[in-house]
Amino acid sequence: MRPEPRWDAVLVHPGDDVATALRVIPAGTTARVQVGSGTRQCRVSDEIPFGHKFAVRELAAGQPVRKYGEVIGGATARVPAGALVHVHNLASRRARARPGENPGAAGASR
């Protein structure tokens, strides 16, 4: 039997706005987020799929969004802490879904 993981998500850089889920995190639960050698807690409002990101603090519309210590895009709407951050509320600097493409496709905005 595998031991229960210590963390539900990881925040790569302490200044990041989003954490990455290390497993599926059900809506309404408090995620244990690894930050360096420490742990932060964040209540998630949406189900967060494995490998997807969620806001660890509220983001204002138009605000740059940081991951890995870098700006990865901008919030297209207000994003409450604990909400899923994906193509519906993030304009990525790397890639953008084109009309007719599946915005949930793997790699669309991670």
Side-chain angles (χ1 to χ4, degrees):
M1 183 173 198
R2 300 177 92 177
E4 182 70 23
R6 291 179 64 190
W7 298 285
D8 304 305
V10 62
L11 193 70
V12 175
H13 186 278
D16 285 352
D17 300 307
V18 294
T20 303
L22 300 174
R23 63 180 187 88
V24 175
I25 305 172
T29 61
T30 300
R32 297 161 297 169
V33 181
Q34 179 187 16
V35 186
S37 60
T39 302
R40 175 192 287 185
Q41 294 189 345
C42 183
R43 185 145 181 98
V44 297
S45 54
D46 301 316
E47 178 175 291
I48 311 298
F50 168 78
H52 285 249
K53 55 194 169 296
F54 61 94
V56 294
R57 62 179 65 93
E58 182 170 315
L59 304 169
Q63 179 179 336
V65 177
R66 296 183 192 293
K67 183 178 181 184
Y68 312 118
E70 302 285 333
V71 174
I72 61 169
T76 57
R78 178 186 155 270
V79 181
L84 178 70
V85 176
H86 201 45
V87 296
H88 67 288
N89 57 15
L90 175 72
S92 175
R93 280 191 163 181
R94 296 184 198 158
R96 187 171 303 190
R98 296 184 198 124
E101 287 184 341
N102 179 1
S109 77
R110 285 187 192 173

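Atom CZ of R66 and atom CZ of R57 lie 9.5 Å apart (nearest 0.5 Å). Considering CG of D46 and NE2 of H88, their distance stands at 6.5 Å, rounded to 0.5 Å. Distance CD/E47 to OG1/T29: 9.5 Å, rounded to 0.5 Å.
Scanning both residues, P80 and A55, for their nearest heavy atoms gives O-CB, 3.7 Å. In this structure, S45 and A81 approach most closely via the heavy-atom pair OG-O, 4.5 Å. Here the closest non-hydrogen pair linking A9 and A19 is CB-CB, 4.1 Å. The nearest pair of heavy atoms linking V18 to K67 is CG2-CB, 3.7 Å. D17 and P64 get closest at one heavy-atom pair: OD2-O, 3.5 Å. Minimum interatomic distance between P49 and A21 (heavy atoms only, all atoms of both residues): O-CB, 3.5 Å.
In this structure, the side chain of D16 engages the main chain of G69 through a donor-acceptor pair within 3.5 Å.
In this structure, the side chains of L90 and K53 come closer than 4.5 Å at one or more pairs of heavy atoms.
Few gaps surround CD on E58; more than 12 heavy atoms of other groups in view lie less than 6.0 Å from it.
Under the 4.5 angstrom side-chain criterion for Ile, Leu, Val, Met, Phe, Trp and Tyr, the cluster partners of V35 are L11, I25, V33, V44, I48, F54, V56, L84.
Remark: R43 engages no residue in a salt bridge (charged side-chain N to carboxylate O under 4.0 Å, His left out) (not counting sequence neighbours).
Residue pairs satisfying the side chain to side chain donor-acceptor pair (under 3.5 Å) criterion with at least one member in residues 6-15, sequence neighbours excluded, are listed as follows: W7-T39, D8-R23, D8-R32.
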